[in-house]
Amino acid sequence: MSDASAPVAHQHAAPTGLLRKYVFSLDHKMIGKQYYGLALVSVFLGMILSWLMRFHLVWTNAAIPGLRLLSKNGAPGGVMTPEYYLSLLTMHGTLMVFFVLTNAPFAGFGNYFLPIQIGAEDMAFPRFNMMSFWVTFVAFLVLIASFFIPDGPPISGWTAYAPLSAVGKDAGPGLAWGQNLWAISIGLFCVGQLLGSLNFIATTLDLRTKGMTLSRLPISTWAWFITSCIGLLAFAVLLPACVLLILDRVAGTSFFIPAGLVISDHLQPHSGGSPLLWQHLFWFFGHPEVYIAIVPAMGIVSHILMASMRKPLLSVKVVYGSMIAIGFLSYMVWGHHMFLSGMNPFSALVFSFPTLIITIPATIITMIWIGSIYGANLRFHTPALFSLGFVSVFVAGGVSGFFLAQPSLDIYLHGTYFVVGHFHMVMGVAAIFGILAGTYFWFPKMSGRMMNDTLGKIHFWLTFIGVYCIFMPFHFLGFAGNVRRYSTFVDDYLQPLLPLHKFISIAAFLTGAAQLIFLYNLIYSRFKGAPAPENPWEATSLEWSTTSPPPFDNFGGRHVVVKRGPNEYGVDGAHGDFIMQDSPEPEPAAGD
Amino acid sequence: MSSMALQPDRGSQSPAQTSPALSGVWVAVAAITMSFAAFTSSLIIRQASGNDWRHLALPGILYLNTVILLASSLTVETARRKGISSLASMRFWLHLTLTLGAAFLAGQAFAWHRLRTEGLYLATSPNSSFFYVLTVLHALHILGGLCAFIYVIRRTASASLWRVAAIDAAAVYWHFLAGLWVYLLLVLRTRL
Amino acid sequence: MGKLLAVVLLVIAIGSAIPILMHTWWMPEDISSHGYMIDKQMSETMAESGIAFVAAQLVLAGFVAMFGDKKNGRKATHLPGGAKAVVIAAIALVGTEVLAPLPIQVQAEQFGFYFRYAGPDGKFGPLHPDKIDEGNQNFFGLDPANDVESRDDIIAASLVIPVNKPISLMMHAKDVGHSFYVRELRIQQDFVPGLDIPMHFTATKVGKYEIVCTQLCGLGHYNMRAYLEVKSQEDFDQWLKQQSQ
Amino acid sequence: MQLLKSCTATVTALTFAAILTAAPGGGTVTGKVTYTGTPAKPKPIDMAKEPSCAKQYTTPLMTENVVTGSGNTLEYVVVYISAGAPDESSAPSTAVTFDQKGCHYTPHVLAFQVNQDLKVTNSDQTSHNIHPLAKINREWNKSQPPGTPPISEKYDKPEFISVKCNIHPWMHGWFAVVKTSHYAVSDGSGEFKLPNLPPGKYTLTAWHESYGTQTQEVTISGNETKSANFVFTAKPY
């Protein structure tokens with residue numbers, strides 16, 4: 001707060017104390033790494049939770065070794081109870097959506113590279129930046145704490161639909177303190193993201209270096225900037241929703257709880273609230289959240305694709321425009337999550353239309369990616385592979401979105417695994433591919449060492465094939481009407497589908513195990529990898545014109561002056577087929 | 001910390017010469033607007049959803065508070081304009097603003113006290129719930145604004161090189177809070 | 001003048017019917033795999049309402065033409081059967097459309113569905129949430145001691161319906177949000193606590209199907225289900241009789 | 001010294017044993033619980049949703065809120081000494097068992113002492129969740145998948161606790177937690193027996209889940225057997 005008007009922090013020497021350097025650091029690079037590290041912990045935690053769930057789904061009454069140690073009530077004798085399955089489901093969703101898909105591509109890479117890409121020495125408000133991470137970290141701790149209370153984590157899913165999430169312990173285990181911790185955690189997370197978004201916007205607007213006009217911003221910075229605009233408004237709505245939810249839970253108000261509910265023989269002392277109000281508030285945040293996860297990944301992938309294709313995209317401006325359109329339209333489509341909630345058919349139509357419209361910019365971007373590959377000189381290094389994999393899974397996940405955008409089809413598919421397959425493909429896997437591409441691409445800059453490319457390629461192929469094996473069959477299950485969020489498949493009509501579930505589970509175990517290769521590569525390369533040159537990918541943006549890793553003030557006291565746009569690939573440059581943004585050399589004629 | 005904050009603006013090399021503090025405040029205003037829009041939309045939906053809405057008569061002190069807050073908006077504007085010529089005069093007007101802001105908070109506290117003596121608590125009815133939620137959250141934002149003024153006053157006392165951005169940002173924020181309060185008062189007063 | 005009015009009515013009726021029958025302005029050709037159901041529903045509704053519309057116009061036109069003022073002092077008569085006949089005919093006519101659906105209340109709760117039929121009196125007793133006593137099979141909170149209408153209400157754990165008869169489900173949640181999903185009916189609808197949501201459908205095939213919950217409702221969500229039994233009208237009447245004993 | 005200690009211990013143990021074995025020589029209260037009026041008819045339970053349970057019954061299971069026998073007797077009435085007897089210093093070491101079989105609680109009413117071990121077992125092929133709706137004691141709600149070890153719990157305050165399974169809403173039973181060792185639950189013929197009562201003046205309480213409580217005084221002197229009958233008023237709804 002007190003530092004609100006101080007835009008720059010780096011005019012003095014870098015901090016030397018461990019606490020100032022690594023923990024309460026004001027340096028955007030350290031904060032970016034902290035966000036990335038938090039996302040890394042969360043993603044492996046979330047993955048282990050998904051393993052436990054997939055195991056339980058196909059070997060329902062089998063004991064899981066060691067699970068008893070994690071929770072005595074949740075796994076008597078090691079056999080997972082239905083409520084513990086839902087606890088894990090909630091935690092998997094919450095960790096992945098908030099602490100992975102929001103943290104890594106946006107807050108993590110964005111914090112590290114946005115200031116460097118615009119030639120700034122730090123974020124506009126370093127103190128807010130530090131607060132934003134530590135508030136997020138506390139949110140993480142609060143969420144994880146729910147594993148260690150007797151009742152366990154909440155069982156209401158990451159969407160926390162009221163009144164299940166609002167009425168408290170009568171509705172089931174985990175809905176007393178577990179749900180409180182969840183709501184507090186998400187509230188804190190919103191605060192962290194609001195501070196972060198505020199910083200991103202102010203930094204992009206005010207701290208660009210000389211010559212860095214808005215049209216010369218690299219596409220990844222554009223994506224982070226658009227995302228922070230989306231995030232600012234989305235989290236500003238989720239925060240009030242959390243406040244009202246907490247008040248309903250602890251202060252006896254009735255925002256979301258209607259009158260006359262009888263839960264576990266107990267007539268609830270509430271009146272008149274509206275469960276749909278929660279759904280409106282939540283999805284007003286929830287749908288933009290999808291784009292908070294995917295737009296940075298789009299930016300990262302576009303950025304990497306250009307460096308791999310050695311040519312600019314067909315039209316970068318159209319991609320910017322499409323991303324802005326997506327951000328804008330994402331606020332008009334929340335109702336499509338509520339086609340089944342008793343809205344009148346007219347509202348369903350009203351929400352169906354922009355939902356179909358929003359697929360247009362996404363389709364445009366996808367076609368630009370694919371079209372740009374025509375005539376490229378593709379370099380198939382690991383970041384490029386993950387970027388191309390991103391395009392593939394994004395198409396797969398996007399196409400299934402057409403089904404769900406139509407109310408009449410959504411009515412059949414809404415509660416099924418089709419939706420699980422859809423959002424895991426388009427939001428989960430696609431964004432994770434963006435994160436992985438970014439990691440392989442920027443790791444040399446962040447650590448000063450190269451990652452092992454062979455291990456990276458093995459990791460890519462196993463992951464790429466693996467995710468299709470896992471998530472494509474989800475769509476088939478959906479067509480068969482397999483209901484999601486079931487801990488056990490007891491229904492008669494689900495029995496023939498169990499072999500397919502077994503296949504998915506085994507694919508999930510193997511694909512998950514393949515991620516250990518990545519983890520090994522990450523840790524090994526951090527300490528033993530080959531030293532990275534300044535610009536290993538022959539890329540053009542400003543992060544590649546400083547040392548690897550960059551000095552404390554990013555450019556070693558040099559005042560970077562930007563001469564041109566970020567997409568000068570496939571040209572006759574002095575050092576190859578590219579020209580750096582800050583390179584003083586004259587503009588050559590484009591030569592494809 | 002303060003030594004760092006007193007470094008001269010590095011914006012000389014930036015193409016955009018606006019101050020980050022000012023853009024930051026505008027961005028924050030957008031976010032806060034969105035939050036309160038969410039709250040007041042909830043109020044409208046909630047009012048229509050149940051038949052348990054008990055419309056409460058607002059305590060009269062709120063109108064006095066409104067006048068105080070609007071007056072403080074004027075004083076901070078005066079402070080901002082005087083600041084260009086005279087630091088001492090600006091400090092006077094800022095202190096006045098601070099006092100008026102504190103008076104507003106005291107007035108709000110009195111209003112809460114009045115409602116409580118009438119037996120209207122947070123959970124009494126949806127209208128009282130929204131009344132407390134909106135007024136308390138607005139008061140928290142006011143508190144944040146007062147902290148900003150204290151910071152600005154301390155800066156005027158110690159800094160020889162005065163950057164106008166901080167007072168500009170604080171003034172924008174304060175005007176916004178005054179406007180927000182009038183909006184909230186109308187929403188709480190009106191029976192839809 | 002009466003003849004003219006009759007002719008105009010005839011022209012209106014025929015003029016309205018022809019484009020519909022000719023499909024001059026109709027929905028575009030269906031190119032989805034799913035749309036045939038909507039088309040079918042649309043055709044059925046159109047046929048029923050269309051026939052009613054044309055028939056009404058024709059009868060009106062006929063009456064207008066036949067019963068104009070003849071000036072020779074013919075004694076005014078009533079339609080044979082009087083108002084009673086009109087009311088019965090109206091009920092019979094509209095009833096097949098509006099009144100015929102069999103009303104059934106479905107309550108979703110942690111973790112099951114319970115169905116309530118109005119019983120012989122055709123009336124649902126009021127609900128008293130404080131009277132709910134599940135151990136005593138009082139899932140809805142009926143108060144037969146005080147509410148006469150409640151005494152013959154039939155509570156069932158399965159949804160038993162007659163085939164080819166419109167069903168009007170009144171959806172009511174006892175505790176938290178649930179959903180009603182029958183794959184074969186292509187129906188999925190959320191229960192929203194605090195709202196009573198109507199849903200209409202007609203089952204066309206006798207058989208036993210599963211009803212499942214698709215909205216996360218708590219630990220027993222996976223096991224929240226019931227059976228839909230579509231019976232012939234005779235079997236259904238038999239079942240209903242058996243239940244009300 | 002060592003010897004003396006062990007001698008003392010033996011003597012103490014023997015004394016206690018003597019007291020304990022002497023106690024059964026006390027009086028006994030027997031009686032019968034009946035009703036007047038028309039009780040509600042038991043209703044059949046439809047278990048269609050859980051086929052693995054439904055197939056265990058050829059005729060449907062009936063509700064057990066009011067279970068009557070011939071001669072207007074009433075089953076599942078808890079009769080216990082509510083006043084007059086000293087509070088038990090320690091709970092018996094044996095555990096009581098509450099079983100879930102065929103989506104039905106056995107027994108319907110389980111009486112046990114404060115701090116006595118309670119074991120809940122699942123003999124079904126489906127998961128149950130045991131949710132005793134305690135108001136005075138700590139409320140808990142635990143699922144028990146098939147084949148998992150029994151759930152062990154204790155209650156530290158006397159209370160009549162309604163027990164339900166949310167997964168199978170028709171399942172309903174009661175825990176009668178009492179702070180005396182003198183309690184009984186009336187059987188199929190409405191009869192109960194409280195043996196081993198030392199001489200004294202007692203208040204006898206009978207509790208029925210639908211019809212409430214009744215009390216009467218009874219005085220025991222010596223080894224006599226006294227009779228105490230309870231009559232509840234039944235309501236048709």
Side-chain angles (χ1 to χ4, degrees), chain A residues 81-86 89 155-157 159 161-167 170-175 257-265 267-268 272-276 279 338-342 406 408-416 480-481 483-494, chain C residues 32-35 37-38 107 109-111 127-135 139-141 171-199 208-225 227:
Chain A
T81 58
E83 64 263 31
Y84 205 61
Y85 176 88
L86 294 176
L89 179 98
I155 61 171
S156 57
T159 55
Y161 266 26
L164 182 62
S165 61
V167 288
D170 289 339
L175 294 172
I257 310 172
L261 298 189
V262 180
I263 304 176
S264 287
D265 295 357
L267 184 60
Q268 301 294 314
S274 164
L276 288 179
Q279 295 186 24
M338 298 163 63
F339 281 156
L340 308 184
S341 304
Q406 300 168 54
S408 50
L409 297 186
D410 186 59
I411 277 171
Y412 182 78
L413 294 169
H414 187 87
T416 71
V483 182
R484 58 196 166 117
R485 300 181 287 211
Y486 275 15
S487 59
T488 309
F489 299 121
V490 294
D491 298 291
D492 307 338
Y493 77 89
L494 297 178
Chain C
S32 77
S33 62
H34 169 80
M37 289 193 299
I38 293 164
Q107 171 172 286
E109 60 173 70
Q110 289 180 325
F111 296 98
L127 301 184
H128 307 276
D130 53 317
K131 293 274 195 289
I132 287 175
D133 180 2
E134 300 197 317
F139 298 102
F140 282 84
M171 301 177 54
H172 167 80
K174 191 190 95 181
D175 36 40
V176 299
H178 300 279
S179 197
F180 180 98
Y181 182 42
V182 181
R183 296 183 311 152
E184 291 80 1
L185 287 177
R186 303 284 189 277
I187 281 179
Q188 187 171 192
Q189 173 63 51
D190 279 359
F191 293 83
V192 180
L195 297 181
D196 285 328
I197 298 171
M199 192 173 68
K208 192 173 178 184
Y209 311 95
E210 273 176 299
I211 304 165
V212 295
C213 173
T214 56
Q215 181 60 268
L216 181 53
C217 56
L219 64 95
H221 173 50
Y222 74 100
N223 200 356
M224 177 164 168
R225 59 168 167 168
Y227 286 95

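Computation of the quantities below employed the complete heavy-atom set of this structure, encompassing side-chain atoms and omitting hydrogens, waters and symmetry-equivalent molecules. Just so it is clear, the structure is predicted and the values come from calculations on it, not from any experiment. Quick note on labels: first sequence line is chain A, next is B, and so on, each numbered from 1.
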Subject >> Among A:Leu164, A:Leu494, A:Val483, residue most engaged with chain C (heavy-atom pairs, under 4.5 Å) >> reply: A:Leu164
Original post:
At what distance, to the nearest 0.5 angstrom, does CG of C:Leu219 lie from CG of A:Leu86?
Top reply: 7.5 Å
Original post:
Does any heavy atom of chain A fall under 4.5 Å from the side chain of C:Gln215, the backbone, both, or neither of them?
Top reply: both
**OP:** For residues 209-220 of chain C, pull every pair meeting salt bridge (charged side-chain N to carboxylate O under 4.0 Å, His left out), keeping only residues two or more places apart or in separate chains.
**Re:** C:Glu210-C:Arg225
Subject >> C:His178 side, atom NE2; A:Tyr161 side, atom OH - distance, nearest 0.5 Å >> reply: 14.5 Å
Original post:
Heavy-atom distance under 4.5 Å to chain A: side chain of C:Met171, backbone, both or neither?
Top reply: neither
**OP:** Go through the atoms of A:Tyr493 and report whether side chain, backbone, both or neither lie under 4.5 Å from a heavy atom of chain C.
**Re:** both
Original post:
Looking at C:Pro193 and A:Leu261, what are the two nearest heavy atoms and their distance?
Top reply: CB-CD2, 3.8 Å
Original post:
Roughly how far, to the nearest 0.5 Å, is CG of C:Asp175 from OG of A:Ser264?
Top reply: 8.0 Å
**OP:** Show your reasoning for whether side chain to side chain contact (heavy atoms under 4.5 Å, CB included) applies to A:Leu89 and C:Leu216.
**Re:** CA-CA 11 Å; A:Leu89 179 98; C:Leu216 181 53; 4.2 Å; yes
Original post:
Going from OG on A:Ser274 to CG on C:Leu195, what distance comes out if it is rounded to the nearest 0.5 angstrom?
Top reply: 7.0 Å
Subject >> Euclidean distance, A:Leu413 CG relative to C:Tyr181 OH, rounded to 0.5 Å >> reply: 6.5 Å
Subject >> Residue selection (most heavy-atom pairs with chain A, distance under 4.5 Å) from C:Ser179, C:Gly220, C:Cys213 >> reply: C:Cys213
Subject >> Choice from C:Ile187, C:Val182, C:Ile132, C:Val212 maximising heavy atom contacts with chain A below 4.5 Å >> reply: C:Val212
Original post:
Heavy-atom distance under 4.5 Å to chain C: side chain of A:Pro258, backbone, both or neither?
Top reply: side chain
Subject >> Proximity breakdown for A:Ser156 and chain C, heavy-atom pairs closer than 4.5 Å >> reply: backbone
**OP:** Examine whether an atom of A:Leu267 lies under 4.5 Å from a heavy atom of chain C, and if so say whether it belongs to the side chain, the backbone or both; otherwise answer neither.
**Re:** side chain
Original post:
Contact part of A:Ala171 toward chain C, heavy-atom cut-off under 4.5 Å: side chain, backbone, both or neither?
Top reply: both
Subject >> Point-to-point distance, once rounded to the nearest 0.5 Å, from NE2 of C:His221 to CD of A:Glu83 >> reply: 14.5 Å
Original post:
Are any of the side-chain heavy atoms of C:Val176 and A:Ile263 separated by less than 4.5 Å?
Top reply: yes
**OP:** Check A:Ser487 against C:Tyr222 and note the closest heavy-atom contact, atom names and distance.
**Re:** OG-CD2, 3.2 Å
Original post:
Sequence neighbours excluded, which residues qualify as side chain to side chain donor-acceptor pair (under 3.5 Å) partners of A:Asp265?
Top reply: D:Lys164
Original post:
Looking at A:Gly273, A:Gly260, A:Gly172, which makes the most heavy-atom pairs under 4.5 Å with chain C?
Top reply: A:Gly260
Original post:
Can you tell if the side chain of C:Tyr227 reaches within under 4.5 Å of the side chain of A:Asp492, non-hydrogen atoms only?
Top reply: yes
